[in-house]
Structure formats: structure tokens, C-alpha cells
Amino acid sequence: MAPKPSAAEVKGKLIEAAIRLLAHGGPEALQARKLAAEIGASTMAVYTHFGGMGALVDEVAREGFRRLSANLGRVEETEDPAADILTLALAYRRTVVDDPQLYAVTFGQSQPNGQKATLGDMTSEETRRNASEEGIEAFGYLVRAAKRVIDAGRFRPAPEFEVAAQLWSAVHGYITLEVAGHFGDGDNGVDHILIPLATALGVGLGDTYEAATRSARLAIEAWRAKEGNIGT
């Protein structure tokens with residue numbers, strides 16, 4: 001007879017089941033009954049291990065941030081910190097494009113059954129204490145990257161949290177529109193929207209147009225060499 005799974009194992013299975021249901025059926029598929037059936041348990045499993053769907057949605061969002069952090073953490077730093085920011089943006093984009101339903105929940109764009117993830121404010125050192133550890137870790141990659149560019153003299157002196165929040169807003173806005181299908185397929189949006197956007201934002205933050213363009217070219221060439229075609 002197989003041993004009874006631990007509470008941690010059941011919780012993990014429910015989170016993975018929720019992510020699968022999201023991927024195939026969108027937020028409306030995220031229901032306690034379907035989750036339980038997915039792992040061969042009773043509906044009470046959701047309430048026993050999470051207390052309700054709201055807490056489970058929070059855990060799904062945290063898992064989204066964990067996966068995002070893992071992908072951002074694979075981006076190696078180079079001698080060009082401005083190029084590294086665009087490389088992080090491309091890794092961020094790839095993560096979301098590969099699993100858009102998960103990240104709609106992670107960032108609160110979708111609210112399954114009226115449940116919204118509560119991950120707090122990560123835009124400043126003073127307020128990020130209310131955010132989840134997983135969200136802070138993911139945002140931290142942009143904060144560190146912003147600090148490196150500021151320290152290198154490429155961006156004007158400014159609080160790195162504020163600069164990172166501006167970068168995050170621009171990149172996430174682009175990705176949200178791309179996932180919604182507004183920029184066509186493949187690399188079209190990357191080449192004609194994301195890269196010029198990143199270049200313009202860099203110039204606005206204090207970089208020169210020539211340096212920002214050079215860094216963008218280095219980042220995109222390195223990314224393509226490593227990952228192949230960027231688009232879906």
C-alpha cells in the first residue's frame with residue numbers, strides 16, 4: 001500500500017494542478033471541484049490545505065514569481081549593465097509568453113472566481129515590506145540591474161527602486177499588449193516595439209542614444225545566439 005502523501009505534497013500537487021488548469025482553460029477553469037478531480041482528491045482538500053480558493057490563488061501567484069525569478073537568475077551579468085537590463089527584459093518576456101495565464105494571475109490581471117493574489121507593493125524600499133518574498137526576489141533582479149547602470153554613470157543618479165519600477169512598468173506593459181495579440185507573431189513586436197522602447201527609456205533615464213543603441217544591439221544579438229528565435 002502506497003504511503004499517504006504529506007500535506008506539503010498535496011499542496012504542491014494542488015498548485016501544479018491549478019497551473020495546468022489555468023494553461024488549458026483560463027481563470028474560469030480554476031475551481032475547487034476541478035482541482036480536486038485533477039489530483040484524485042475530494043473538494044475538501046483545497047479547504048483543508050489552503051483554507052479556501054483565495055489562499056490557493058495567492059500560492060499560485062507566488063509560484064509564478066518563483067519561476068520568473070529562476071529564469072531571471074539565469075541571465076549572466078556582462079561588462080555592459082545597460083545591455084543586461086534588456087537581456088532581463090527578454091527573459092521576462094519569454095517567461096510570460098510561455099505561460100500567459102499563470103502570469104495573468106501572478107500580476108493580478110485575472111481574478112479566478114473573484115479571487116485576486118495579494119502580493120503587496122514592491123516599488124520602493126519603504127513599502128516593499130508588505131510584498132511577498134517571492135515578488136521581492138523577482139523585482140530585485142531589476143533593482144540590482146538598475147543600480148549597476150546608475151553606478152556605471154549610464155543613467156542619472158536616482159533611487160534604484162524608482163528606476164527599476166519605471167523599467168518594470170514599460171516592459172510589463174509591452175508584454176501585456178503582446179500577449180493580447182496586438183503586435184503580431186514572432187519577433188515583430190520585439191524588433192519594432194520592445195527594443196526601441198528600451199532604447200528610448202534608457203535615453204530618458206540619462207543614457208546617450210548611441211550608447212543605448214549599442215547596448216540594445218549587443219543584448220539582442222547575444223540573446224538570439226543563445227536562445228534562437230525570440231518569438232513564439
Side-chain angles (χ1 to χ4, degrees), residues 12 15-27 30 57-78 81 83-112 116-117 119-120 122-123 128 131-146 164-191 193-195 197-198 201 216 219-232:
I15 292 169
E16 291 298 326
I19 292 171
R20 288 195 301 273
L21 288 172
L22 279 170
H24 293 102
L30 202 56
V57 171
D58 273 347
E59 287 301 323
V60 168
R62 290 188 177 93
E63 179 60 22
F65 275 124
R66 290 187 196 101
R67 296 183 182 192
L68 177 59
S69 290
N71 288 338
L72 295 179
R74 295 187 184 99
V75 174
E76 297 180 359
E77 292 184 355
T78 70
D84 294 346
I85 284 180
L86 181 52
T87 306
L88 285 169
L90 291 168
Y92 185 178
R93 172 193 175 271
R94 168 52 61 200
T95 303
V96 177
V97 167
D98 282 350
D99 206 343
Q101 296 290 357
L102 170 59
Y103 287 96
V105 171
T106 298
F107 289 105
Q109 293 160 274
S110 290
Q111 300 181 37
K116 183 175 181 180
L119 290 163
M122 294 176 288
T123 59
R128 71 192 181 96
S132 72
E133 292 181 4
E134 295 81 5
I136 290 170
E137 182 181 1
F139 184 54
Y141 286 100
L142 284 175
V143 174
R144 288 190 291 274
Q166 293 176 55
L167 296 167
W168 184 21
S169 298
V171 172
H172 189 76
Y174 165 82
I175 295 169
T176 300
L177 290 169
E178 183 190 359
V179 167
H182 295 295
F183 300 140
D185 297 325
D187 289 1
N188 182 64
V190 172
D191 289 331
I193 307 294
L194 180 58
I195 295 173
L197 172 65
L201 185 56
I220 203 72
E221 288 176 353
W223 183 266
R224 284 199 168 107
K226 181 179 180 181
E227 300 292 330
N229 182 43
I230 291 175
T232 55

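Note that the numbering runs from 1 along the sequence shown for the chain. Side chains included, hydrogens not; waters and symmetry mates left out as well; all remaining heavy atoms used.
- In this structure, Glu76 CD and Lys226 NZ are separated by 5.5 Å, a value rounded to the nearest 0.5 Å.
- Annotation for Ala83 and Ala219: closest pair O-CB, 3.3 Å, computed over non-hydrogen atoms.
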**Q.** Stepwise side-chain contact (heavy atoms from CB on, under 4.5 Å) check, Leu90 with Ile220
**A.** CA-CA 8 Å; Leu90 291 168; Ile220 203 72; 3.8 Å; yes
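- Checking side-chain atoms of Asp84 against main-chain N and O of Glu77 turns up no donor-acceptor pair under 3.5 Å.
- Under the rule for a side-chain hydrogen bond (donor to acceptor under 3.5 Å, both in side chains), the partners of Arg20 that lie at least two apart in sequence or sit in another chain are Glu38.
- Inter-residue side-chain proximity for Val171 and Leu88 is flagged as unmet; no heavy-atom pair is nearer than 4.5 Å.
- The heavy-atom pair separating Ala18 from Leu30 by the smallest distance is CB-CD1, 3.3 Å.
- Annotation for Ala138 and Phe65: closest pair CB-CD2, 3.7 Å, computed over non-hydrogen atoms.
- Taking CH2 of Trp168 as the start and CD1 of Ile175 as the end, the distance is 11.5 Å to the nearest 0.5 Å.
- Taking both residues in full, the closest heavy atoms of Gln101 and Pro27 are given as OE1-CD, 3.4 Å, listed atom of the first, atom of the second, then distance.
- With rounding to the nearest 0.5 Å, the separation of CZ in Arg62 from CD in Glu137 is 13.5 Å.
- A 4.5 Å side-chain heavy-atom check between Leu68 and Tyr103 finds at least one atom pair inside the cut-off.
- Rounding to the nearest 0.5 Å gives a distance of 3.5 Å between CG of Asn71 and OG1 of Thr95.
- Atom OH of Tyr174 and atom CD1 of Ile195 lie 9.0 Å apart (nearest 0.5 Å).
- To the nearest 0.5 Å, atom OG1 of residue Thr106 and atom CZ of residue Arg66 are 10.5 Å apart.
- Considering all non-hydrogen atoms of both residues, Leu201 and Ala170 come closest at CD2-CB, 3.8 Å.
- Aromatic ring pairs are classed by plane angle as parallel below 30°, tilted from 30° to 60° and perpendicular above 60°; the pair Tyr92 and Phe107 is tilted.
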Q.
Set out, in order, the CA-CA distance, both residues' side-chain angles and the distance that settles side-chain contact (heavy atoms from CB on, under 4.5 Å) for Val190 and Arg93, then state yes or no.
A. CA-CA 10 Å; Val190 172; Arg93 172 193 175 271; 3.4 Å; yes
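- Not counting sequence neighbours, the partners of Ile19 by the side-chain contact (heavy atoms from CB on, under 4.5 Å) test are Ile15, Val60, Glu63, Arg67, Asp99, Leu102.
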